[in-house]
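Only one structure is covered here, and it is reproduced in the block below.
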There are 2 protein chains.
Amino acid sequence: MAHLPTRSFQAHQVFAANTNVGKTILSTGLVRAAAALAIGAEKKRMKAFYLKPVQTGYPVDCDARHVKTYAPLVETSRLYAYPDPVSPHIATTEPPPDTEVLQATIKALRSFKQSLGHADKGWALLETAGGVNSPIMSGELQSRFYRPLRLPTVLVGDSHLGGISTTLTSYESLHQYGYDIPALLLFHNKSRNHEFLDKYLAKAENRPLVHVLPSPPEKLADPAADAEQLHEYYKRTESYFRHVVEELDRAHQQRLDRLEELGEKARTKIWWPFTQHKTVKDVTIIDSAYGDIMTTYVEPSKDAMTATGDNNSSSSSSQDNQAKEWRWREMFDGCASWWTQGLGHGSPELTRSAAYAAGRYGHVMFPECAHEPAVKLSETLLETVGQDWASRVFFSDNGSTAIEVALKMALKSTQDRYVHMGGQNNNTTGRIEVIGIDGGYHGDTIGAMNACSPNAYNAQVSWYKSHGHWFTPPTVVYKDSQFQITIPQEMTEGFSGSDPTLKVTIDNLSSVFAKPSESDPRLAIYRHHIRSTLTRLTQGEKRQFGALLMEPVLMGAGGMVWVDPAFQRCLVEEVRDFKGFGTVEPSYQDKSQGLTNDWSGLPVVFDEVFSGCWRLGRKSAADMLQVKPDIAAYAKLLTGGLITLATTLTTEPIFNNFLSDTKTDALLHGHSYTAHPIGCAVANTSLQTYREMESHGDADQAREDWGALSHGPLGVWSLWDQKVVDKISRLEIVQGVVPLGSVLAIQMRETDGPSGYASMLSQKVQQKMREKGDPEVAIFGRPLGNVVYMIASQVSTREQLAKVENILLRTLEGPL
Amino acid sequence: MAHLPTRSFQAHQVFAANTNVGKTILSTGLVRAAAALAIGAEKKRMKAFYLKPVQTGYPVDCDARHVKTYAPLVETSRLYAYPDPVSPHIATTEPPPDTEVLQATIKALRSFKQSLGHADKGWALLETAGGVNSPIMSGELQSRFYRPLRLPTVLVGDSHLGGISTTLTSYESLHQYGYDIPALLLFHNKSRNHEFLDKYLAKAENRPLVHVLPSPPEKLADPAADAEQLHEYYKRTESYFRHVVEELDRAHQQRLDRLEELGEKARTKIWWPFTQHKTVKDVTIIDSAYGDIMTTYVEPSKDAMTATGDNNSSSSSSQDNQAKEWRWREMFDGCASWWTQGLGHGSPELTRSAAYAAGRYGHVMFPECAHEPAVKLSETLLETVGQDWASRVFFSDNGSTAIEVALKMALKSTQDRYVHMGGQNNNTTGRIEVIGIDGGYHGDTIGAMNACSPNAYNAQVSWYKSHGHWFTPPTVVYKDSQFQITIPQEMTEGFSGSDPTLKVTIDNLSSVFAKPSESDPRLAIYRHHIRSTLTRLTQGEKRQFGALLMEPVLMGAGGMVWVDPAFQRCLVEEVRDFKGFGTVEPSYQDKSQGLTNDWSGLPVVFDEVFSGCWRLGRKSAADMLQVKPDIAAYAKLLTGGLITLATTLTTEPIFNNFLSDTKTDALLHGHSYTAHPIGCAVANTSLQTYREMESHGDADQAREDWGALSHGPLGVWSLWDQKVVDKISRLEIVQGVVPLGSVLAIQMRETDGPSGYASMLSQKVQQKMREKGDPEVAIFGRPLGNVVYMIASQVSTREQLAKVENILLRTLEGPL
């Protein structure tokens, strides 16, 4: 647990704009002033702690010793020391792992905090080594290394000539890593840098207070005389430093004030999406996030931990405080922040890409324009998820708009072919419909809603109208250590040749995706059902269709339903082969100027908003199905989890259909920020990272565990531990598990209460998981009816997932 | 014109990580090597130019003299010199204006370029002063000051202990300002910083090549001996520097390669929004943008300038080159990049806010969560555009989704009141419709489309269906120096008391928005027409309505149609007073727990996506109408022109309608990146800036010119010059002008050819404006049927707008 500050305990870190700018002297002055501060009516002294995690040039140089010498009341600690007076990454050839150094740092701060008595106030200062972006032993930059703590930063500026620049670049770097910088400290100097910086930063958001302090004396050759004059200096400057400490305290209290007010403000001013405000209990106050972790601040009375007792804390006084005080809780982002996280929160690489694009362009106009991030992203998408089928990229803002664009592309194409091009319109509904899968979900704009079967999401939307036929799908789950396929009764009953008690089980995950042999009974059942249904709809009911639309492999918001890949493949094949969608089949191939991937039957639209971009392990779910769509939509993981952007990919024949000499024949759809450079730049970095992870074999262990290696490029695996998933699959309370890529979905057996989206079962499990967690680390999940799901990012570590698996398993094994 | 590089001329800038890191020595080595480089078969030497725009400590220090001494072949220039060896902002108390210094810098580079012979190759180096973020004379940071040139940067790193940090922070700052950094130069030093930096930056996007160069000799006391050893140093290191120059040349040529390929790649891989690909002529290749300017790179044969002849260039040889070569063109972003630009392209403040939010959070989950940027934005919106009426903020991704959310809010509220709550549904259409204004436009998702009258945008959309009644609006234009109001004939004809030849003219812009006196004939006409229409629709046609939806004041995409404010006010009042929307009026006031802003008649929804956030001068168009809506949508200017984000604001009674104990009664709408922290942070900075501009009276001159001052807070003005607008209004070819805030729309008189959106007239004017422009500065506009419009950003300067007005006026006055 990285976050420790409370009302009575605060910690700051000191970063410097450069070496030799007086970091240690200023740090000493600060802790010395803190330790001298008398608090409250009893004039009790504040307890001060100085921590130097990394010291080089030791023991000749020892900043902690300097502190102890000139501020004897201060408790000091030094964690790693190396004799060479060089950068830590050079000082040792055997660097300790970053996680170890970070844990040691946290432990030192925590120990000091726990040593505080009930009525004590504590003040800790962590002094970094070198400058903001100096590396620590492993070579990681300090700015990144300390980021999980996100301590408020005291920036020591450079007072020398030229120091304005190093001070401001350091400030900009820290700001870009998401640090708050309440104070900027400078020595008084004839360059008067402090005056300029004070004026300049006055305009900045979260402006740091600029403090100017008297310059320390020139170093004397005689050690005793030097010590004497330094003692004198610290004494003389005490009031200056006290003022800084007081201002830091004010900023600290204000920060907590703001956090404590956030929940109530949000409750009264915000209308949350997908939220029944009347039943909201806790507001999760998110202070910041990094990697898979969201750092939250928890109201005392609303804290589930308090109720179940917190026995991990060694100090009973601090435990008492915890019950009464607001406290921090780190939460594993188990829903990947609505399925967006690919590269973790606060990724420096994504931030840097975003900042560069913002600085280079801001946003620029897109129609008939070209800019590098958009063109590069188009190329990359066509090389990856669009490989071997797509040739065009259309940009929009989110998955729902990407689907609306896809529908506009498909429906006009079909309309032009079957209705306008000499064909006879046998439509009796007055509308071109889609063929889809029951339980599918394609977004919340009304066009995308109308392309879904009636469900809980659209039930109350006045303008919703089901525009389609929805096939009930055969589904797959992992249950009792086997992949079990359930075929809807209507399919087996309707097919004379099939066994009504047919059960299909498969041992290996990759085999679920393998093309079944022609003797597999499923194929005949599926084909017969699809053909007879299509015939009935078009000839019997005289309905007209414009697209086949589906989420390949996994239907997400509809309840993490894993559709039998064999069925989806059959559906695509049968729709493409079916001749009854229009009464004529024009010689469209001739029009498409030699391109061979023209559509037949209906355009096949894949909604890969959830499943695309390596979510399920492979670059796309289409790739897993071994099906090439005519149109497909991508969003969410596309931008690694930073910013909204969506794309719709399509083939040249679909694109060609919109070409003419008439402006209004074009696809007249666009959004103001279409292909905004930030989104495109961030997506480029994300896709490049996913590709590198793939080529580096990052998932090889998972592939081996799930028996995917022998299937080569057709292998399928889960990032979740095979043994844990197996155990879960055998629990009585579990109907089945869906382990695909970073997704782990568990369908719970609902015994009493409503089923589906209205079920409260997963909410109950999520609540228990918060309780089962370590008091300071818990799992943030979102309920989805009777389905409990966990979605990792693409960079979650095995260690991190093991912790989550452990909590999950304990919760499911225990009483609910 | 800031951008000069061609295939045969390149310019770089040298920035340093700190002072005293050897910037001048490395600069000298580079220009010296460039001047010594033999090019092509004839082994002709490259011409080299060294430019030091700002020199302090002069004449004791003179970097240009140093260059001339050790590289006599190099042409050198120094622009501003000050005797004090201090930072430029301290060296003078009378700083020259930034624009003057920038123009002098550009002029120096251009003069050198123009001095080049036909077969010459030129190489220029601009050496900055101090570090990356050191200020120039005015106090502006160099990083920002030089940004319009966006020269490729040679970063001189710091080789000393601690120099990794200053080098990387400088790199991050430059990157954040949108610079490309092809080379990082370091001296060889025992800290081995170059090794670390080379390894570290290998992972970076657009990685700079790290070059390590031999350290220069220690300075000798004897000037002659020192000069001697420096001569020796430069001679000895020549091959190192030559290598850097060659690599820079390679990066330069690759950059131009990439830009030259962009257009063709975009044409073949991208599907542009709102674009008939078959008729696309030129692709605008946008290299970068700053302020109101987009820097574009123009293909030779497609360059309209070439055809009209370019007589401004003093050198005939460079003119020849221009005709054959690709060239740069700066374009004023006259459509504000689809009406998004508020604070200009590449705004450092917006970039910084975006980077901080990205670093602190990335994106985090929103439902039942709170984070500071979203809460702060909600507060600010409720204090500004939502002042005195709104209490809740719902977040979505763009204007279209914000309108769909608004519709869902309104339609369910009406449905619950009139249909479910004991009322009798007299609906015969099977659908709840909206009341709107003919010509309105609300976005491209199908739900938003269905809330518009049939138009060119929705004509070919299979699922479009008009769900509403559309009033033909009375409109306003400025024509022949008067504001003229045109009332549709159907209104005057249908009203017995009115004069069928009624003409209403108003002299003053603000008076157009003033509430008419009760004796104004318009009021009776409007009221009668609205009442009788509502009665016919509900009682005669038995139609059921769920919302009044309109763009207040100005209908944007529908053709910049300015609706008579008096009519929109009447419409709101009449709809709110009308008792015939449902057969019961339940005692809804009791349910709303004492809140007094419950809706009556129908919820009034304002689409302020275009008009909101100070676009028309005042914070909202609702404010100009003096009407409080029940629901309103904001996007575009909300984020200052950087990134997509939208909000829907509403009252507590609308919100309360979704409260119940049942999850599915909630507003089940949400997007993955709802309230993404970057968007919220950027919006906070944008709104804060607009508010400050307002409180600082930035528009006071415009208010005075347009006679708005005497109207106090009810004043209305245009940022465009009153005299120019007046001239335009009197042109024969102009039907009328709409001058409101940053918008200037000119309705052209279409004499032959299709009218409205299908008209090609504005396209013709836009084309002419590109030709009339300075050869190197032109106007980027988007055609909108017969309407020519220019939209400035909120920070466009009078000088900038005057240039645009000049081109516009010349174009309209000339033959088309």
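Proteins come first, then strands; the chains are lettered A, B, ... in the order of their sequence lines, and each starts at number 1. Not measured: the values here are computed from a predicted model.
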Rounded to the nearest 0.5 Å, how far apart are [atom1] of [X] and [atom2] of [Y]?
X	Y	atom1	atom2	answer
B:Asp397	A:Thr401	CG	OG1	7.5 Å
A:Asn133	B:Ile164	CG	CD1	10.0 Å
A:Asp444	B:Thr674	CG	OG1	8.5 Å
B:Arg267	A:Glu368	CZ	CD	9.0 Å
A:Lys408	B:Met449	NZ	CE	3.5 Å
A:Arg192	B:Ser87	CZ	OG	10.0 Å

What part of [X] gets within 4.5 angstrom of chain A, counting heavy atoms only: side chain, backbone, both, or neither?
X	result
B:Leu382	side chain
B:Phe780	side chain
B:Arg150	side chain
B:Ala17	backbone
B:Val132	both
B:Glu404	side chain
B:Glu349	neither
B:Leu667	both
B:Thr275	both
B:Pro367	both
B:Lys203	neither
B:His89	side chain
B:Leu407	side chain
B:Ser391	backbone

Is chain B contacted by the side chain of [X], its backbone, both, or neither, given a heavy-atom distance below 4.5 Å?
X	result
A:Asn450	both
A:Ile270	both
A:His277	both
A:Lys465	side chain
A:Tyr179	backbone

Query raised in the report: Side-chain donor-acceptor pair under 3.5 Å between B:Thr169 and A:Ser173, yes or no?
Result: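 A:Ser173 and B:Thr169 do not have a side-chain donor-acceptor pair below 3.5 Å.
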Query raised in the report: Any side-chain donor-acceptor pair under 3.5 Å between B:Gln460 and A:Asp665?
Result: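 The criterion, which ignores hydrogens and geometry beyond distance, is satisfied for A:Asp665 and B:Gln460.
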Report task. Show the numbers, then the answer: is there a side chain to side chain contact (heavy atoms under 4.5 Å, CB included) between B:Val393 and A:Lys269? Result -> CA-CA 6 Å; B:Val393 179; A:Lys269 294 177 196 300; 5.7 Å; no
I'd like to know which of [options] tops the heavy-atom pair count under 4.5 Å against chain A.
options	result
B:Thr639, B:Leu343, B:Asn684	B:Thr639
B:Asn398, B:Val280, B:Thr166	B:Asn398
B:Leu350, B:Asp333, B:Val86, B:Thr662	B:Thr662
B:Gly130, B:Ser660, B:Ala374	B:Ser660
B:Asn206, B:Leu168, B:Asn20	B:Leu168
B:Thr268, B:Val461, B:Ile678	B:Thr268

Considering all heavy atoms of both residues, which atom of [X] and which atom of [Y] are nearest to each other, and what is their separation?
X	Y	result
A:Cys369	B:Val283	C-CG1, 4.1 Å
B:Val375	A:Ala266	CG2-CB, 4.2 Å
A:Tyr200	B:Leu141	OH-CD1, 3.2 Å
B:Gly447	A:Trp463	O-CZ3, 3.3 Å
B:Gly131	A:Ser165	C-OG, 3.1 Å
B:Ser191	A:Ile90	O-CD1, 3.2 Å

Got a donor-acceptor contact below 3.5 angstrom from the [X] side chain to the [Y] backbone?
X	Y	result
B:Arg360	A:His175	no
A:Trp338	B:His671	no
B:Trp339	A:Ser672	no
A:Gln276	B:Phe658	yes
B:Ser462	A:Gln415	no
A:Gln341	B:His363	yes
B:Arg352	A:Ala355	no
A:His345	B:Tyr361	yes
B:Tyr673	A:Lys636	yes

Quick one: which of [options] has the most heavy-atom pairs under 4.5 Å with chain B, could you say?
options	value
A:Phe394, A:Tyr356, A:Tyr177, A:Phe366	A:Tyr356
A:Ile643, A:Asp661, A:Thr648	A:Ile643
A:Asn458, A:Thr279, A:Thr19, A:Thr445	A:Thr445
A:Ala635, A:Gly359, A:Gly362, A:Gly641	A:Gly359
A:Ile285, A:Leu259, A:Leu161, A:Asp158	A:Leu161
A:His371, A:His676, A:Gln142, A:Lys265	A:Lys265

Query raised in the report: Knowing that exactly one of B:Thr284, B:Thr340, B:Ile286 qualifies, which makes a side-chain contact (heavy atoms from CB on, under 4.5 Å) with A:Val364?
Result: B:Ile286
